[in-house]
Amino acid sequence: MIAFNPLTVILTQNKLESPNYVDWKRRNLDIIVIGEEYKFVLDEVCPEKPGDDATTDEQKAYQKWYMESTYDILENLKEMFGDQNRAAKQTAMKALLNTKMVEGSSVRDHVLKMMNLLNELEVLGVNIDKDKQVEMILETLLDSF
């Protein structure tokens, strides 16, 4: 029996090509690193290699990064496709800021749309704290709410 690995399926079915970097990253790489509990690679800076006198915590912090190839791949992808990422951030932010609830539409559907836009921005590296996210969503609702 062949073992089923959903991560392999994701990467096999959705290949990286130059024009699709932003979507590929959002749909594939972020899902994988988050699913494998390596999200810190997207959000944190790699620590310097600890010296011989380093504490156990410093050594552990570095060891979780010792997947050099993963970090190097991410950094190279950022360099190669950073402009696409910046354009995608601008597009998503513009959509978020210009979205208003339409009279007669479902509050649930509108909030889900806003949450999707906020999630897209988070995947693209834009950090908006949760309180501000709630405030932004509430601002888009009709005055009757």
Side-chain angles (χ1 to χ4, degrees), residues 1-101 105-142 145:
M1 175 181 249
I2 298 173
F4 174 72
N5 183 344
L7 301 179
T8 303
V9 172
I10 289 170
L11 289 176
T12 303
Q13 291 180 353
N14 302 294
K15 298 195 182 310
L16 172 62
E17 298 168 3
S18 181
N20 74 339
Y21 168 72
V22 172
D23 286 337
W24 174 85
K25 180 181 180 294
R26 180 172 44 106
R27 291 186 181 141
N28 301 311
L29 188 60
D30 289 339
I31 290 169
I32 291 169
V33 296
I34 291 168
E36 292 293 313
E37 298 179 11
Y38 295 114
K39 187 175 188 315
F40 66 89
V41 174
L42 301 174
D43 300 332
E44 300 173 14
V45 176
C46 181
E48 295 288 324
K49 184 174 182 177
D52 294 336
D53 60 340
T55 66
T56 304
D57 288 341
E58 290 170 330
Q59 290 174 356
K60 284 181 181 178
Y62 180 75
Q63 282 300 323
K64 78 176 187 179
W65 278 90
Y66 193 68
M67 300 166 53
E68 291 179 38
S69 61
T70 303
Y71 179 73
D72 290 340
I73 289 169
L74 286 173
E75 288 303 306
N76 287 330
L77 289 172
K78 282 181 194 175
E79 285 179 31
M80 291 176 3
F81 301 107
D83 290 338
Q84 290 180 19
N85 196 47
R86 190 172 12 269
K89 283 180 189 179
Q90 290 172 341
T91 301
M93 184 61 80
K94 184 177 180 180
L96 178 73
L97 295 175
N98 290 324
T99 299
K100 301 290 182 202
M101 184 176 169
S105 65
S106 163
V107 175
R108 179 186 177 276
D109 290 344
H110 175 73
V111 170
L112 288 174
K113 178 180 180 179
M114 295 299 292
M115 289 172 61
N116 185 44
L117 289 168
L118 288 163
N119 287 337
E120 183 177 343
L121 283 165
E122 182 178 348
V123 166
L124 291 169
V126 176
N127 295 317
I128 303 171
D129 69 65
K130 298 299 179 194
D131 290 338
K132 187 64 175 173
Q133 289 181 18
V134 171
E135 191 177 308
M136 292 173 84
I137 292 172
L138 291 175
E139 285 295 319
T140 66
L141 296 176
L142 296 170
F145 290 97

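Note that this is a predicted model, so its numbers are computed, not measured.
Atom OG1 of residue T91 and atom CG of residue L117 lie 11.0 Å apart, to the nearest 0.5 angstrom. Distance CG/L141 to CE/M101: 6.5 Å, rounded to 0.5 Å. To the nearest 0.5 angstrom, T99 atom OG1 is 14.0 Å from E139 atom CD. Remark: N127 CG to K132 NZ distance equals 15.0 Å, nearest 0.5 Å. In this structure, OG1 in T140 is found 9.5 Å from NZ in K113, a value given to the nearest 0.5 Å. With rounding to the nearest 0.5 Å, the separation of CG in L96 from CE in M115 is 12.5 Å.
When all heavy atoms of E120 and A92 are compared, the pair lying nearest together is OE2-CB, 3.9 Å. The two residues Q59 and A54 come nearest to each other via the heavy atoms NE2-O, 3.6 Å. Heavy atoms only, all atoms of each residue included: K89 and L121 are closest at O-CD2, 3.8 Å.
At least one side-chain heavy atom of L97 sits less than 4.5 Å from a side-chain heavy atom of M136. Contact annotation: the side chain of R108 approaches that of L112 to within less than 4.5 Å [non-hydrogen atoms, C-beta and beyond]. Residues I128 and M93 form a side-chain contact, since some pair of their non-hydrogen atoms from C-beta on lies under 4.5 Å apart.
For K94, the NZ atom counts as loosely surrounded, since its 6.0 Å shell holds 12 or fewer non-hydrogen atoms of other residues, nucleotides or ligands.
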